[in-house]
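In the text below, chain A, chain B and the rest are named by the order of the sequence lines, each starting its count at 1.
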2 protein chains.
Amino acid sequence: MSPLYQQIKKRITDSLVAGLWQPGQCIPSETELANLYKVSQGTVRKSVDELVIENILIRRQGKGTFVASHNEENSQLRFLRLTSSENKKEKLDSRLLTFEKEKANSSLAKLLGISSATTIVSIKRVLTFNQKPLILDFIKVPAASFRGLTPEKIIEKNGAMYRMYENDFGIQMLHAKEKITAIAANAETADLLRIKKNSPILSVERISFTYENKPIEWRLGLCLTEHHHYASELD
Amino acid sequence: MSPLYQQIKKRITDSLVAGLWQPGQCIPSETELANLYKVSQGTVRKSVDELVIENILIRRQGKGTFVASHNEENSQLRFLRLTSSENKKEKLDSRLLTFEKEKANSSLAKLLGISSATTIVSIKRVLTFNQKPLILDFIKVPAASFRGLTPEKIIEKNGAMYRMYENDFGIQMLHAKEKITAIAANAETADLLRIKKNSPILSVERISFTYENKPIEWRLGLCLTEHHHYASELD
DNA sequence: GAGTGGTCTAGACCACCAA
DNA sequence: TGGTGGTCTAGACCACTCA
């Protein structure tokens, strides 16, 4: 038997998965949850503590506890670790290159926990900072989870993918794992990023997860690091 | 006035900085600390909770609470994010190339929070995994904090720097920030890593911090990522 | 002033570990 | 069996927000 607060945490998570409380909205107060689940307020607090640490909930003293959302101003670039080495303010834009449907190969299927030959939406785009190309992105998601995803929609949102996933498809990105390597740009990449062929670039492969650690997006970012760097904190 | 548990946390940290409780040893029990500081056990618990999250303390149910140590088997490679892409078991070795004393330039001095022209120990080494060169490391630390640091000592420890800092100099590495870019190997680097000149390699610049966020080591790692990758978790 | 999260207490009991 | 951390409770008061 798991501790009470873990069971409460699970029940809160279940309500979030079910969409009972929407991103950006506040959930019931701690005392209300305590009454609802027939436990003390301290136990609810411990459950909420963990969800706050996991960036699933956000506490605002005097106001309430809110469901995390990619629509917040701060959390817009929550998963973007690439920052300017000169700390300049930068304007991010997205240019969609291709939008295709295809069958998942076996390695992608394995990574996303789906059966191979499942239909996948495959997106290629370039992110620019201050008009200059910075990242060449390849994004693949299962088509079934994103019915109605169109090139127009992506263009309309100017590449704010996670915000779109949340608002239009009810899918919350909560966590991601990245594998980083240095590679030489091939001809096509070099052309799109406007650099010389074989220039060193950063390859960032990402798997994103939604509730209950379910993988839902694969992404490969090829990044210029002449004036930017990938920031990482270790402890 | 900060919350009580923050004050207690500070007092615990002070005792750690003073060396009252040594790495690997256990600190007084929660009830003892509660009596010592004249607060309830729950308040001590909250203080210790935070120190555990920061990897400064480690709880072991039934045994006690211990000061984190780089001597533990698990925490040996705590700050090494580079892992084999094939999940092979690997043997890590270090080959010391140069060991010199020099004056800090202004940018390094700024990063380490020391005055420029302070004497610095500058180390160059190659890390090999399974006999093959993998990382070319440049390490710089203030000489004053590491009196008695010699090439022999480094060789004796086979490059386990943080273990050595802890055991021989009483300095605990607790936290680090890294900046990652892709660069082209210059002639010297290519030679030492046994790759072709201009091959893409990962540049990892690290600042390490000890208690109270004091920067104490600068490091630049140039890494081969043919068969390895830098792993990063985002949330 | 009413409602929210944030802190603090005192005390009970459980789970784990070592002697 | 005794000591440790781990969980849970009930209740008090503080700090912040907003009407």
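Here C:dC8 is the nucleotide among D:dT7, C:dC8, D:dT17 with the atom lying nearest to any side-chain atom of B:T43. Candidate nucleotides D:dT9, C:dG6, C:dT9 were compared by shortest atom distance to the side chain of B:L4, and C:dT9 ranks first. The B:K46 side chain lies nearest to C:dT7 when the options are C:dT7, D:dG5, D:dT7. Considering only side-chain atoms of A:S29, the nucleotide from C:dC17, C:dT4, C:dT9 that sits closest is C:dT4. Minimum atom distance to the side chain of B:S40 is reached by C:dT9, of the listed C:dA18, C:dG6, C:dT9. Nearest nucleotide to the A:Q61 side chain, out of C:dG5, C:dT7, D:dT7: C:dG5.
Across all strands, A:V39 comes closer than 4.0 Å only to sugar-phosphate atoms, never to a base (heavy-atom distances).
Aromatic pair A:Y165/A:H70: centroids not less than 6.0 angstrom apart.
Between A:H175 and B:L234, the closest side-chain pair of non-hydrogen atoms is not below 4.5 Å. Inter-residue side-chain proximity for B:I180 and B:L202 is flagged as met; some heavy-atom pair is nearer than 4.5 Å. The shortest distance between side-chain heavy atoms of B:H229 and B:R81 does not fall below 4.5 Å.
A close approach under 4.0 Å does occur between a side-chain nitrogen or oxygen of B:K63 and OP1 or OP2 of C:dA18.
C:dT9 atom P lies 13 Å from atom OH of B:Y5, rounded to whole Å. Put simply, CD on A:E30 is 15 Å from C1' on D:dG11, counting in whole angstrom units. Put simply, CD1 on A:I27 is 12 Å from P on C:dT4, counting in whole angstrom units. With rounding to whole Å, A:Q41 atom CD is found 8 Å from C:dG5 atom P. In this entry the distance linking CZ of B:R45 with P of C:dT9 reads 15 Å, nearest Å. A straight line from CD1 of B:I58 to C1' of D:dG6 spans 17 Å, rounded to a whole angstrom. If you measure from atom OH of A:Y37 to atom C1' of D:dC8, you get 18 Å, rounded to the nearest angstrom. Whole-Å rounding puts the B:D49 CG to C:dC8 C1' distance at 14 Å.
Comparing A:S2 and B:R60 along DNA chain D, the residue whose closest nucleotide (by nearest heavy atom) sits nearer the 5' end is B:R60.
From B:L96, atom CG reaches atom NZ of B:K157 across 14.5 Å, with rounding to the nearest 0.5 Å.
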